[in-house]
Asks: 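Right, I'll just put the structure down here and ask away after.
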There are 2 protein chains.
Amino acid sequence: MMTHLELLEQLRQITGAPNVLTEGDLTAWELDWRKRERGRALAVVRPASTEELAAVVKACAAARVSMVPQGGNTGMVVGSTPDASGTQVVLSLTRMNKVRALDAGNLTITVDAGCVLQNLQEACEEAGFLFPLSLASEGSCTIGGNLGTNAGGTQVVRYGNTRELCLGLEVVTSRGEIWNGLTGLRKDNTGYDLRHLFIGSEGTLGVITAATMKLYPMPVSQLTAFAAVPSLDAAVQLLSLAHRYLSSGLTGFEVMGQFALSLVAKHYPQQRVPFWQESPWCVVLENSDNESEAHARECFERLLEAAMEEGCVTDAVVAESMAQAKALWHIRESIPLAQAEEGLNIKHDISISVSRIPEFVQETNALLLQHFPGARLVIYGHLGDGNLHYNVQAPVDDDQARFLLDEEAPMNSLVYEVVDRYNGSISAEHGIGSLKAEKLEHHKSPVALGLMRSIKQALDPLNLMNPGRVIRDN
Amino acid sequence: MMTHLELLEQLRQITGAPNVLTEGDLTAWELDWRKRERGRALAVVRPASTEELAAVVKACAAARVSMVPQGGNTGMVVGSTPDASGTQVVLSLTRMNKVRALDAGNLTITVDAGCVLQNLQEACEEAGFLFPLSLASEGSCTIGGNLGTNAGGTQVVRYGNTRELCLGLEVVTSRGEIWNGLTGLRKDNTGYDLRHLFIGSEGTLGVITAATMKLYPMPVSQLTAFAAVPSLDAAVQLLSLAHRYLSSGLTGFEVMGQFALSLVAKHYPQQRVPFWQESPWCVVLENSDNESEAHARECFERLLEAAMEEGCVTDAVVAESMAQAKALWHIRESIPLAQAEEGLNIKHDISISVSRIPEFVQETNALLLQHFPGARLVIYGHLGDGNLHYNVQAPVDDDQARFLLDEEAPMNSLVYEVVDRYNGSISAEHGIGSLKAEKLEHHKSPVALGLMRSIKQALDPLNLMNPGRVIRDN
């Protein structure tokens with residue numbers, strides 16, 4: 001069996017010594033995004049091409065050294081950083097960041113996995129197309145990471161998750177083989193869908209090295225509205241109307257609870273937050289139009305009139321300019337930051353059938369306040385997708401650190417238990433990583449877990465690809 | 001080991017004797033849709049519920065008897081009929097045909113796999129929603145079969161394949177366990193995507209017993225246009241314009257070659273086929289609108305004006321009534337029937353990047369006519385998805401039977417060889433079944449085949465689920 005030193009020497013020969021990092025400050029690769037866990041890597045390897053990466057995987061596999069694929073390292077569930085053993089190799093894909101080809105006639109773009117999402121968005125925009133995936137970390141996350149975790153974001157209601165935007169993949173298997181599935185085909189029924197198996201597998205089955213993604217014509221106009229709604233039921237009713245009146249023009253539908261908005265108003269007084277004092281819930285809606293701004297406005301006004309008649313909207317503003325639209329979205333985006341300003345908090349990234357969300361929130365709120373008196377609920381998220389960020393802030397004047405330490409586990413259990421009863425998901429868009437791997441075993445059906453274990457065993461028999469993440473070996 | 005007689009007795013106890021068919025005329029289950037192969041079943045079992053089906057699978061597995069899941073038996077590639085051995089059990093799902101639940105607020109419907117597609121469409125329509133999957137066999141095919149084969153159809157350009165319309169599955173595994181994944185969630189990142197693995201696996205990994213499918217608001221208006229285009233390049237250019245002008249209003253884009261249309265005109269003289277005499281290609285476009293017919297017409301006219309200015313449309317008609325729209329679509333749908341009237345023919349269901357289709361057709365036509373002088377090319381299909389039905393009619397006065405017998409294999413090889421060079425698919429929407437299982441081994445990458453074999457081995461270790469279909473054991 002090869003020693004670690006021999007392996008490192010091999011890796012240096014494959015990628016060049018400067019691209020095998022073993023000393024100095026490796027925080028950027030070893031510390032997870034939310035700073036919850038600090039690991040230690042045997043080495044951080046930065047291959048320049050798929051062929052180099054394949055050779056690296058072969059070498060690590062031969063040495064029985066496990067690997068942790070990493071893009072922008074912006075994940076929320078500790079899935080892309082090494083464990084504390086100092087025996088894992090981080091495969092950093094950030095040097096593989098080229099746009100390989102843009103096919104306007106086929107409405108596709110093919111990119112290296114290490115391409116930063118924002119660069120991908122800009123390359124498409126320059127060619128006159130929209131790449132709709134958009135999320136908070138787009139300035140640093142990579143498309144490979146987005147695919148590995150099947151990232152969601154704010155446009156899912158129209159365009160789907162990252163999964164739905166992908167037409168083909170290039171993958172390095174756990175044996176260091178290269179699978180080229182970069183076809184750009186919209187129809188291909190030649191066997192099992194390997195693409196969807198690797199997407200969302202968080203690097204536990206292989207390493208995504210490139211992808212062919214869908215493009216859309218750039219909308220002529222994007223309008224944003226901010227609406228006050230009297231209840232969550234009303235918000236769901238408004239969503240149905242929006243689907244009917246805007247059809248696929250509806251590209252954003254975010255709900256925000258009163259306390260969540262109060263935190264933005266409190267910590268960012270320069271932001272003008274409409275309606276929050278009078279209304280228990282507010283909604284940000286976005287309408288993308290392929291005709292004209294006038295037409296977009298017309299559709300929006302028709303929707304809001306109908307909504308007011310039906311009583312599911314009490315007041316609303318439609319942005320008059322891009323600046324105003326940005327400002328309205330900025331309120332929504334400021335909620336997590338305002339939460340951090342307020343103090344530590346316990347996060348839940350859950351999804352439920354849209355139609356059952358009001359019932360779910362009412363029941364869970366009551367249970368939480370019963371068991372954790374004074375807990376302050378920060379509820380907001382992508383209602384259009386049934387995805388809530390159901391977060392909990394420590395009671396006022398409570399010891400923040402103690403709150404997180406003592407209450408996080410029992411509070412997670414309480415929330416996830418209700419999620420189970422509602423047939424929901426304990427991780428709607430953030431994935432499992434190592435943070436939720438143990439939880440998954442309690443909340444996923446034994447049959448599903450059995451199928452997942454069989455697949456992991458089949459595609460990574462030596463358990464060298466991001467071991468312990470998503471599905472644990474037992 | 002259990003004898004076949006003992007197994008049949010067990011199956012009778014599970015489903016009741018009348019639902020275990022072993023005698024009489026079993027043609028409906030034993031003969032494939034295109035009447036290419038007649039198999040012989042040990043029995044046709046018709047369970048009434050998922051639990052009964054699971055018990056049947058357990059019993060067959062215990063007896064090491066292989067199973068062939070079957071819905072409406074309308075497949076094109078001999079994937080749902082038993083082999084000639086008389087030792088396989090056909091699992092017919094047609095008695096499991098209920099709509100379980102329709103959730104208007106969540107825009108989802110949950111149905112048994114045996115539900116006939118048309119009944120599913122009608123159940124949605126009655127509730128005011130659109131279920132967009134639509135194909136020629138919708139009166140007899142089942143949603144379970146559509147999922148098992150990832151069926152395509154005429155609305156894929158807007159709504160995607162059956163895969164993209166599915167949010168959750170219930171599946172009976174090869175061990176007879178029941179996996180309930182009927183969540184109806186639009187976001188769920190809790191592990192590997194088992195749903196997409198079973199979809200399109202043609203019953204070789206397990207049996208789909210129910211599904212939760214997406215619904216859409218019913219469009220207010222659907223308009224159809226029929227346009228003459230001077231070339232395939234022009235058709236591709238028109239498609240780009242249609243994406244830009246209609247955005248997701250574009251719900252159909254079908255291309256038809258002159259000879260294909262001439263066959264409709266010849267064999268169905270009562271159908272008025274516009275433009276075919278003057279134009280080498282014609283296109284059927286559909287625009288679905290959520291506002292009004294007036295608005296739909298306005299958008300369509302804007303598109304067609306622009307197209308004529310750019311010279312990619314020479315003439316066009318827009319249907320003035322539903323009857324006219326149906327008539328225009330009927331021309332497209334009559335092509336395969338007219339082909340059959342004309343005589344035997346060799347079919348190819350291929351896909352290529354949309355942008356490369358003109359080049360592909362030009363190159364392949366030339367090669368074909370060089371090697372098969374007099375062959376008559378019937379080219380039509382879903383250009384919006386890059387999917388062509390590239391079919392070949394025997395030369396006039398040639399012996400039809402001889403043509404099919406002698407020329408099919410070499411002609412397939414020639415076409416598929418070009419498809420490979422264009423990085424396309426040899427089965428865009430019909431699947432592999434047993435008809436193309438051997439071909440697949442020549443045209444799929446060894447790495448992909450290896451991954452598929454590992455997955456098959458992991459989920460069906462005894463190779464009892466539709467063996468020999470899709471991926472053969474070797």
Side-chain angles (χ1 to χ4, degrees), chain A residues 103 105-107 149-150 152 156 161 173 177-181 183-194 196-197 200-201 217 236 240 243-244 247-248 290 351 353-355 385-387 423-432 440 444-445 447-448 451-452 454-455 457-459 470-471, chain B residues 103 105-107 149-150 152 156 161 173 177-181 183-194 196-197 200-201 217 236 240 243-244 247-248 290 351 353-355 385-387 423-432 440 444-445 447-448 451-452 454-455 457-459 470-471:
Chain A
D103 183 340
N106 197 46
L107 287 173
T149 58
N150 186 32
V156 175
N161 302 283
T173 70
E177 307 158 308
I178 298 170
W179 168 53
N180 181 342
T183 59
L185 301 175
R186 278 172 168 71
K187 277 183 174 174
D188 180 17
N189 281 341
T190 55
Y192 307 150
D193 198 316
L194 302 171
H196 281 304
L197 189 55
S201 66
V236 170
S240 293
H243 279 303
R244 211 164 271 288
S247 179
S248 55
N290 63 304
S351 60
S353 287
V354 172
S355 53
D385 323 314
N387 177 195
N423 206 9
S425 169
I426 66 166
S427 187
E429 60 176 2
H430 293 164
I432 299 302
L440 189 68
K444 196 101 176 167
S445 87
V447 177
L451 291 166
M452 284 171 58
S454 309
I455 291 163
Q457 170 65 27
L459 298 195
V470 185
I471 189 87
Chain B
D103 183 341
N106 197 47
L107 287 174
T149 58
N150 186 31
V156 174
N161 302 282
T173 69
E177 305 158 310
I178 299 170
W179 168 53
N180 182 341
T183 60
L185 300 175
R186 279 174 167 71
K187 277 184 175 175
D188 180 17
N189 281 342
T190 55
Y192 307 149
D193 197 315
L194 303 172
H196 281 304
L197 189 54
S201 66
V236 170
S240 293
H243 279 303
R244 214 163 267 289
S247 178
S248 56
N290 64 306
S351 61
S353 287
V354 173
S355 52
D385 323 313
N387 176 196
N423 206 9
S425 169
I426 66 165
S427 186
E429 59 177 3
H430 293 164
I432 299 301
L440 189 68
K444 196 101 177 169
S445 87
V447 178
L451 291 165
M452 284 171 57
S454 309
I455 292 163
Q457 171 65 28
L459 298 194
V470 184
I471 188 88

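Treat the numbers as computed from the prediction; the structure is a model and nothing was measured. Chain A is the first sequence line, chain B the second, and so forth, proteins listed ahead of strands; every chain is numbered from 1.
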Asks: For each of L459(A), L107(A), V447(A), tally heavy-atom pairs with chain B at distances under 4.5 Å, and name the one with the top tally.
Replies: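 Top count of heavy-atom pairs under 4.5 Å with chain B: V447(A).
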Asks: Looking only at side-chain N and O atoms, does S355(B) offer a donor or acceptor that is under 3.5 Å from a partner on D103(A)?
Replies: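 A pair is found: one side chain offers a donor N or O, the other an acceptor, under 3.5 Å apart.
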Asks: Minimum heavy-atom separation for H430(A) to N189(B), with atom names?
Replies: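 Minimum heavy-atom separation between H430(A) and N189(B): N-ND2, 4.4 Å.
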Asks: Side chains of R186(B) and V156(A), heavy atoms from C-beta outward: is any pair under 4.5 Å?
Replies: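 No, every pair of side-chain atoms sits at 4.5 Å or beyond.
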Asks: How long is the gap from CG on N106(B) to OG on S240(A), to the nearest 0.5 Å?
Replies: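 OG of S240(A) is found 9.5 Å from CG of N106(B).
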Asks: So L194(A) and I455(B), do their side chains get closer than 4.5 Å, heavy atoms only?
Replies: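 With C-beta onward as the side chain, the pair touches.
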Asks: So which part of T149(A) gets closer than 4.5 Å to some heavy atom of chain B, the side chain, the backbone, both or neither?
Replies: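 Backbone of T149(A) only, per the 4.5 Å heavy-atom cut-off to chain B.
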Asks: Do you know which two heavy atoms are closest between A458(A) and S454(B), and how far apart they sit?
Replies: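 Scanning both residues, the minimum pair turns out to be CB-O, 3.6 Å.
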Asks: Do you know which of S351(A), S425(A), S427(A) makes side-chain hydrogen bond (donor to acceptor under 3.5 Å, both in side chains) with D188(B)?
Replies: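 By the side-chain hydrogen bond (donor to acceptor under 3.5 Å, both in side chains) criterion, D188(B) pairs with just one of S351(A), S425(A), S427(A): S425(A).
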Asks: With a 4.5 angstrom heavy-atom cut-off, which part of I178(A) approaches chain B: side chain, backbone, both or neither?
Replies: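 When you check distances to chain B, only backbone atoms of I178(A) fall under 4.5 Å.
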Asks: Compare every heavy atom of K187(B) with every heavy atom of G152(A), then report the nearest pair and how far apart it is.
Replies: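 Result for this residue pair: CA-CE, 4.2 Å.
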Asks: How far apart are the closest heavy atoms of G424(A) and L185(B), and which atoms are they?
Replies: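 Taking G424(A) first and L185(B) second, the nearest heavy atoms are C-CD1, 3.7 Å.
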Asks: Of the backbone (N, CA, C, O) and the side chain (C-beta and beyond), which part of Q457(A) lies under 4.5 Å from a heavy atom of chain B, both, or neither?
Replies: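 Q457(A) has no heavy atom closer than 4.5 Å to chain B.
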Asks: Between CG of D193(A) and CG of N150(B), what distance do you get to the nearest 0.5 Å?
Replies: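 One gets 7.5 Å once the value is rounded to the nearest 0.5 Å.
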Asks: Taking all heavy atoms of G184(A) and all of S353(B), pick out the closest pair and write down the distance.
Replies: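 That would be O-OG, 4.4 Å.
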Asks: Do N423(B) and T183(A) have side-chain atoms, one donor and one acceptor, less than 3.5 Å apart?
Replies: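 No, no side-chain donor-acceptor pair sits under 3.5 Å.
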Asks: Do you know which two heavy atoms are closest between G191(A) and M452(B), and how far apart they sit?
Replies: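 Taking every non-hydrogen atom into account, CA-CE, 3.6 Å.
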Asks: Flag the one option from N180(B), V470(B), L440(B), I426(B) with the top tally of heavy-atom pairs under 4.5 Å to chain A.
Replies: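 Top option by heavy-atom pairs under 4.5 Å: L440(B).
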Asks: When heavy-atom pairs shorter than 4.5 Å are enumerated against chain B, which of I471(A), T173(A), V236(A), V354(A) gives the highest number?
Replies: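 It is V354(A).
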Asks: Can you tell me which portion of D385(A) sits under 4.5 Å from chain B's heavy atoms? Options are side chain, backbone, both or neither.
Replies: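 Both parts, heavy atoms under 4.5 Å.
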Asks: Based on non-hydrogen pairs under 4.5 Å, which of S248(A), S201(A), A428(A), S445(A) is most in contact with chain B?
Replies: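 When all of S248(A), S201(A), A428(A), S445(A) are compared, A428(A) has the most.
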Asks: Set out, in order, the CA-CA distance, both residues' side-chain angles and the distance that settles side-chain hydrogen bond (donor to acceptor under 3.5 Å, both in side chains) for S247(B) and N290(A), then state yes or no.
Replies: CA-CA 6 Å; S247(B) 178; N290(A) 63 304; 4.6 Å; no
Asks: Is there a donor in the side chain of T190(A) and an acceptor in the side chain of K444(B), or the other way round, less than 3.5 Å apart?
Replies: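 Per modelled atom types, T190(A) and K444(B) side chains form a pair under 3.5 Å.
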Asks: Nearest 0.5 Å, what's the OH-CG distance between Y192(A) and L451(B)?
Replies: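 Spacing of OH (Y192(A)) from CG (L451(B)) equals 12.0 Å.
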